[in-house]
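Fair warning: this is a prediction, and the values are worked out from it, not measured in the lab.
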Amino acid sequence: MKHWCPICFKSADEHQPFMRWLKGGDSICGKCRANFEECNESYQLHALNIHAFYYYNDYVENLLFQYKEGRDIALAEVFLAAVREELFDRCRHKVLIPMPSAQRKISERGFSHLHEMLKGMDIECCDCLVKGEDYKQSLHRGKSRGQIRNVIKLKSAAEIPTQKLVLFDDVCTSGSTLLAAYDLLREYNDQITAEVICVHRHFVETCDEN
């Protein structure tokens with residue numbers, strides 16, 4: 001049965017690299033996948049190690065906007081499709097903690113965007129964090145980003161797993177969201193790393209400078 005790329009609506013088998021085809025193909029065509037700039041690097045933010053699969057570019061930004069704000073749930077599979085096996089291996093025997101969205105945004109979209117991305121993956125998840133308001137980091141600058149620490153909270157009576165924890169998010173812009181979550185959780189479990197789909201180049205440059 002022919003599979004169509006949910007981005008360009010052409011055959012998902014077109015322009016597929018041989019190794020990707022050998023592994024069972026991709027959910028999108030090779031031409032669209034080529035717009036994802038591979039990173040596959042880890043960065044140290046204070047005591048938190050953050051691994052990113054891709055760099056954040058205009059193409060991914062527009063695709064995420066269409067997915068989240070355009071409520072195009074059919075795009076949920078495209079972001080992790082090529083790295084699902086690697087993400088599973090990196091999270092094996094660990095507990096994944098998705099970064100929370102404001103309840104208002106989830107209600108507007110009709111779905112939780114990170115949970116939809118993770119559907120079908122045999123990874124244990126724990127929703128122990130809550131976001132109290134819709135706070136978009138890209139609209140804030142400098143010290144105001146520290147306010148995110150007052151927005152993300154632990155759920156009341158949340159049970160923090162004793163296994164190694166992996167924070168999960170779609171984009172790492174400044175790292176403040178992940179760091180705020182890390183600070184909340186490390187009082188209960190200090191075995192914490194982070195996985196993000198893509199990382200902003202400014203964040204990479206800042207880590208390199210440090």
Can you tell me how far [atom2] of [Y] sits from [atom1] of [X], rounded to the nearest 0.5 angstrom?
X: C198; Y: Y59; atom1: SG; atom2: OH; value: 13.0 Å
X: K68; Y: L63; atom1: NZ; atom2: CG; value: 11.0 Å
X: I7; Y: I28; atom1: CD1; atom2: CD1; value: 4.0 Å
X: D170; Y: Y54; atom1: CG; atom2: OH; value: 14.0 Å
X: S101; Y: H115; atom1: OG; atom2: NE2; value: 9.5 Å
X: L184; Y: L179; atom1: CG; atom2: CG; value: 10.0 Å

Regarding [X] and [Y], does a basic nitrogen lie under 4.0 Å from an acidic carboxylate oxygen?
X: K105; Y: E69; answer: yes
X: E124; Y: K94; answer: no
X: R201; Y: E37; answer: yes

Applying the side-chain contact (heavy atoms from CB on, under 4.5 Å) criterion to F36, which one of Y55, F53, F79 satisfies it?
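So, applying the side-chain contact (heavy atoms from CB on, under 4.5 Å) to F36 and each of Y55, F53, F79, only F79 qualifies.
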Side-chain donor/acceptor pairs under 3.5 Å, residues 155-166, sequence neighbours excluded:
from	atom 1	to	atom 2	distance (Å)
K155	NZ	D127	O	3.1

If two hydrophobic side chains count as joined below 4.5 Å and joins carry through other members, does L114 share a cluster with F65?
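No.
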